[in-house]
Amino acid sequence: EVLTIPDLSKTATTYTINVPYVNNTGAATTLAGWVDFNGNSVFDAAERASIATPAGTGTVALTWSGMSVTTNSDTYARLRIASDATTLTSPTGTSVNGETEGHLVKLAVTDLSMVKTGPAIVKAGSNLTYTLTITNESNSAATGTTLSDTLPTGTTFVSASDSGSHSAGTVTWNLGTIAANAIKVVT
């Protein structure tokens, strides 16, 4: 099988690589991986994750959690599998009955823009509707997207589309994921 390295989001606190493996040892082995989340060109101990790989062929989800992505550019991952887990405490060295691979990890940088349109003049007592158009101008999905807009002084909130909520003069939308090169419109 082909290993697909997913893009890494700058806001991620968890990251998973689904790793296909072949384990011909007849016993469980260990898969360890490091991702240089901080971009210091060193695989630090805190950047390590591991999982058991049963005998045979399959795919395991190698997951890092609680990390902080501080790099501002693409980074690297190193994956090591071995029958002796004690040889996998470091990203370098001998892998007994195993293999070591390095992979490029693309940093998913999203480029969101927002345009707000509405009438320049509204008759007193009439409803005023603003349209907010959010565009993801990148090739990566924007996840966990939230938009906030402050109401003009002297206006009263009536309603918002897409489950927008109002509190203290600010309307907030939890937009979730905006696909790559997609547009989301709220009012």
Side-chain angles (χ1 to χ4, degrees), residues 2-20 33-44 46-49 51 59-77 103-187:
V2 174
L3 175 65
T4 301
I5 302 290
D7 288 351
L8 175 64
S9 170
K10 183 84 170 149
T11 59
T13 56
T14 62
Y15 181 66
T16 299
I17 301 174
N18 292 313
V19 182
W34 292 260
V35 176
D36 186 16
F37 294 115
N38 62 11
N40 69 350
S41 299
V42 175
F43 293 117
D44 300 314
E47 297 173 326
R48 180 183 185 271
I51 190 168
T59 300
V60 292
L62 184 60
T63 300
W64 292 260
S65 60
M67 81 286 180
S68 176
V69 180
T70 57
T71 184
N72 289 313
S73 60
D74 294 345
T75 190
Y76 290 90
H103 297 275
L104 176 67
V105 177
K106 301 289 283 178
L107 184 65
V109 179
T110 54
D111 185 8
L112 298 177
S113 64
M114 192 271 298
V115 175
K116 180 177 178 179
T117 58
I121 300 172
V122 176
K123 182 179 171 186
S126 298
N127 284 341
L128 168 63
T129 301
Y130 287 108
T131 301
L132 293 87
T133 304
I134 302 89
T135 304
N136 182 353
E137 299 173 355
S138 72
N139 292 325
S140 300
T143 59
T145 309
T146 302
L147 173 66
S148 295
D149 184 51
T150 303
L151 298 177
T153 304
T155 61
T156 302
F157 175 77
V158 176
S159 67
S161 69
D162 297 87
S163 301
S165 61
H166 174 257
S167 177
T170 300
V171 181
T172 302
W173 293 266
N174 291 315
L175 302 175
T177 299
I178 301 176
N181 301 303
I183 294 173
K184 176 73 177 172
V185 177
V186 295
T187 58

Sorted by chain and residue number, the ring-ring contact (aromatic ring centres under 6.0 Å, His included) partners of His103 (sequence neighbours excluded) come out as none

Indicate the atoms forming the closest heavy-atom contact of Leu112 with Ala142, along with that distance. CD2-CB, 3.9 Å

Considering only residues two or more places apart or on different chains, which pairs with a residue in residues 169-183 satisfy salt bridge (Lys or Arg N to Asp or Glu O under 4.0 Å)? none

Checking Thr13 now: which residues fulfil side-chain hydrogen bond (donor to acceptor under 3.5 Å, both in side chains) with it, not counting sequence neighbours? none

In a table with atom names and distances, give each donor-acceptor pair under 3.5 Å that connects a side chain of residues 123-135 to protein atoms at least two apart or in another chain.
unit_1: Ser126; atom_1: OG; unit_2: Lys123; atom_2: O; d: 3.2

Using the ring of each side chain (for Trp, its six-membered ring), is Tyr15 parallel, tilted or perpendicular to Trp64, with breaks at 30° and 60°? tilted

Roughly how far, to the nearest 0.5 Å, is CZ of Phe43 from CZ of Phe37? 10.0 Å

With sequence neighbours left out, which residue pairs that include part of residues 164-176 fulfil the salt bridge (Lys or Arg N to Asp or Glu O under 4.0 Å) condition? none

For the residue pair Tyr76 and Ser41, establish whether any side-chain heavy-atom pair is separated by less than 4.5 Å. no

Any non-hydrogen side-chain atom of Leu104 less than 4.5 Å from a side-chain atom of Ile5? no

Can you list everything that forms a side-chain contact (heavy atoms from CB on, under 4.5 Å) with Ser68? Sequence neighbours excluded, please. Thr70

With sequence neighbours left out, what residues match Ile121 under side-chain contact (heavy atoms from CB on, under 4.5 Å)? none

Can you pull the salt bridge (Lys or Arg N to Asp or Glu O under 4.0 Å) pairs that have at least one residue in residues 137-164, sequence neighbours excluded? Lys116-Asp149, Asp162-Lys184

Distance, nearest 0.5 Å, that separates CD1 of Ile178 from OG1 of Thr145: 4.5 Å

If every non-hydrogen atom of Val105 is compared with every non-hydrogen atom of Pro6, which pair is closest and at what distance? CG1-O, 4.2 Å

side-chain contact (heavy atoms from CB on, under 4.5 Å) filter on Leu151, not counting sequence neighbours, yields Thr155, Phe157, His166, Val171

Side chains of Asn18 and Thr16, heavy atoms from C-beta outward: is any pair under 4.5 Å? yes

Interatomic distance, CG@Asn174 vs OG1@Thr146, rounded to 0.5 Å, equals 4.5 Å

Closest heavy-atom pair and its distance - Ser65, Thr14: CB-CG2, 3.7 Å

Just do the side chain to side chain contact (heavy atoms under 4.5 Å, CB included) check on Trp173 and Ser148 with the steps written out, would you? CA-CA 6 Å; Trp173 293 266; Ser148 295; over 6 Å; no

Residues Asp7, Lys106: salt bridge by 4.0 Å N-O rule: no

Tell me, do Leu8 and Val69 make a side-chain contact under 4.5 Å, heavy atoms counted? yes

side-chain contact (heavy atoms from CB on, under 4.5 Å) filter on Asp44, not counting sequence neighbours, yields Asn38, Asn40, Val42, Glu47

With a 3.5 Å distance limit and no angle check, can you tell me whether Asn136 reaches the backbone of Ala182 through a side-chain donor-acceptor pair? no

Ring pair (Phe, Tyr, Trp, His ring centres under 6.0 Å): pairs with one or both residues in residues 133-155, sequence neighbours excluded: none

Could you tell me whether the side chain of Ile17 reaches within less than 4.5 Å of the side chain of Leu3, counting heavy atoms only? yes

Using the test side-chain hydrogen bond (donor to acceptor under 3.5 Å, both in side chains), find all partners of Thr177 that sit at least two apart in sequence or belong to another chain. none

